[in-house]
Amino acid sequence: MSNRVRFAPSPTGEVHIGNIRTAIFNWLYARHTGGQFLLRIEDTDRERSTPAAIASLLEVMAWLELDFDGEPLYQSSRLAAHTAAADQLLADGHAYRHAKGEGGEATLFRIPWDSDAIPEVCEAGDVRLELHAKTPVAIDFTGVSYALLTKKGKASPQAGALGGFHGLQLLDADGTVLYELDPDIKAVLGGESRQFEGVAAMTFRRRELVYTDLVKGELRKPLDSLKDQVIVRSDGAPVFHLANVCDDIEQGITEILRGDDHVENTYRHILLFRALGAAPPAYGHFPMIVNDQGKPFSKRDGDAYVGDFRTKGYLPEALRNYLPLLGWSPGDDREQMTSDELVAAFTLERVNSAAAQMDVNKLKNLNGLYIAAIALDDFIELIQPFVASQPWAAAADSTTLRTVAELMQSRCKLFTDAADWSYFFTDDLDFDEKAARKALQKDGVAAALQQLSDALAEKEPFDEAGIEAAIHATTEKLGLGQGKLNAAIRVAVTGTNVGAGLYETMAVLGRERTCRRLQFAGDNLCAGSSAQG
RNA sequence: GUCCCCAUCGUCUAGAGGCCUAGGACGCCGGGUUCUCAUCCCGGUAACACCGGUUCAAAUCCGGUUGGGGAUGCCA
């Protein structure tokens, strides 16, 4: 049977990069192994799941070209199956109804007492725990609760499922056995409860659940540290754990690849698979992506939504290339990789286990590399939406825009950099104060700009070569070195000291604009010009 | 508190006992090309968390400490 993996997001808001990286990893794995990549939308949280969130999820996946196989499965459509599974569990004695806390009776999944037949469960030796004798030990069908003795002699309350305490003995300070669980287990499971005071220690045979994580290797968890889990709320709504496992069985998932925050769930889920009569799939857990503080992303880190990267002018190719590099590497020095190369190189063995910090700088650099590689026509096409949002959009005729795009593409790291193209289309220059001061506030600059403007006014043709010649002629006449005036000209005509080639830029601007700006700068912005008094 | 996981330059990572005076990339600094900026090219900066142990030999194995994260929900 071929591999079947799934991406199972909850559509409760914007799509987060951590989530979409999980999707990318799953997609990469499926495509690498020739398996299926399924999409399951876990929309059972009626309060928070919205059609808008589902639409945006689908949109983001399409944008990143994460094509899934078959139709998406909407978890909400499976309510009846989930409820039936809970009923089955109840009937089989794997679950019980219990009013825990307020809210009425919920259905809890029991960490099984008879776990000998479960391949993932093994005995892990005898355990002796020193207890806080003043806290009573309580035992009933929901589990064992007790209090450990801290170093300071205080009580540290604990509770664990019954199934973790085979061979349990309660001892008093003298070592006398107060109680043995095994002979009493039927009665306890049947609903009787026991309580003991003055228990100094407890001993039992520890059982552990062991599985081999595809990423992290062998992982184990003592059953006595697990608690019975609510699987159906008192209002009748099945919880995530049940729905998730049921649907994984339904979809025939063979590998569950998800974020590190799910490792603890895995132990219970494996038990649920077994109780439902299914063999659990293999599991692999990816390291988390954290923010630049090294902390988990929270709602405050608004930048971490995929949609935001899109509106900021990132290319899907760049994101799809960068994200898998967080927590995974091909093992050689490659970083910029095509989708095909990523698919070919991707293996779970090469996924790391330490959390990875998002480095926007590096992403931006990669984005710049991708932008530089785009054909001019495509670049113009892609930049349209970003140009459209500029105040000068109306002035940007397609011919000029094309020329500008050609000049600026290699200087573009993000599509939003198009905001800097303003001076090509409007005379309302945004002068960089520092650059202006440095380039224009010098003696003689005003006169030089005026002379250049005069020279340019008659230059024919007004093209790159002609402009260069005019500038050279002017500097020569003034006894300036070649290029000495360029910085001043640049600031005068563009407002800034960075940008494409000066002559090319002036040619695009055209004679009229260029001269007007030179004169304006000469009259108003230079040392000794009228505006300066 | 308890359980589980994690730990190499500022960041992403390579490294699965000798190839490591720890490699690459981003960033940063310097230089070259160029009319500026960007690109491109050269060079530099900077890390094995700490303490023990195993070994002829440890970033790599083991133990402990510290630090970080997760779980301990009728959230997903």
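So that the names make sense, note that chain A is the first sequence line, chain B the second, and so on, each numbered from 1.
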Handout entry: A:D420 CG to B:U36 C1', straight-line distance once rounded to whole Å
Key = 15 Å
Problem - Spacing of the P atoms in B:U60 and B:G53 (rounded, Å) - result: 14 Å
Fill in the blank from the handout: Which of A:Y211, A:F109, A:F240 passes ring-ring contact (aromatic ring centres under 6.0 Å, His included) with A:H269? It is A:F240
Exercise for the section: Round to a whole Å and report the spacing from CD1 of A:I231 to P of B:G73. Expected result: 17 Å
Practice task
Indicate whether A:Y503 forms a stack on B:C35; treat it as stacked only if centroid distance is below 5.5 angstrom and interplanar angle below 30 degrees.
Solution key: yes
Handout entry: For A:Q251, side-chain hydrogen bond (donor to acceptor under 3.5 Å, both in side chains) partners two or more places apart
Key = A:R40
Exercise for the section: Determine, for nucleotides 4-23 of chain B in 5'-to-3' order, which nucleotides have protein heavy atoms under 4.0 Å from the base (write B), from only the sugar-phosphate (write S), or from neither (write -). Expected result: BSSS---BBSSS--------
Problem - A:N244 CG - B:C75 P separation (whole Å) - result: 16 Å
Problem - Phosphate-side-chain proximity, A:K154 and B:G1, N/O vs OP1/OP2 below 4.0 Å - result: no
Exercise for the section: Rounded off to whole Å, could you give me the CG-to-C1' distance for the A:D228 and B:C74 pair? Expected result: 14 Å
Practice task
Could you work out the separation of B:G17 and B:C26 based on their C1' atoms and round it to a whole Å?
Solution key: 31 Å
Practice task
May I ask you to check whether A:Y314 and A:Y370 place their ring centers less than 6.0 Å from one another?
Solution key: no
Completion exercise
When rounded to whole Å, the NE2 to P distance for the pair A:H132 and B:G1 reads 17 Å
Exercise for the section: May I ask whether A:H262 stacks on the base of B:A76, given the cut-offs of 5.5 Å between ring centres and 30° between planes? Expected result: yes
Fill in the blank from the handout: Separation of B:A71 atom C1' from A:L209 atom CG, nearest Å, is 15 Å
Problem - Rounded C1' spacing from B:A14 to B:G68 in Å - result: 23 Å
Practice task
Could you give the distance separating B:C48 and B:G32 at their P atoms, to the nearest angstrom?
Solution key: 34 Å
Fill in the blank from the handout: Rounded to whole Å, the CD1-P distance (A:I471 to B:U36) equals 13 Å
Problem - side-chain N/O A:R258 vs B:A76 OP1/OP2, d < 4.0 Å - result: no
Fill in the blank from the handout: A:H98 NE2 to B:G73 P, in whole Å, measures 13 Å
Handout entry: Between B:C19 and B:A57 - P atom distance, rounded Å
Key = 14 Å
Problem - Exercise: do A:T266 and A:H285 side chains pair donor with acceptor under 3.5 Å - result: yes
Identify the pairs formed between an N or O of the protein and an N or O of nucleotides 38-41 of chain B at a distance under 3.5 Å, and give each distance.
{"unit_1": "B:A38", "atom_1": "O2'", "unit_2": "A:S410", "atom_2": "O", "d": "2.9"}
{"unit_1": "B:A38", "atom_1": "N3", "unit_2": "A:S410", "atom_2": "OG", "d": "3.4"}

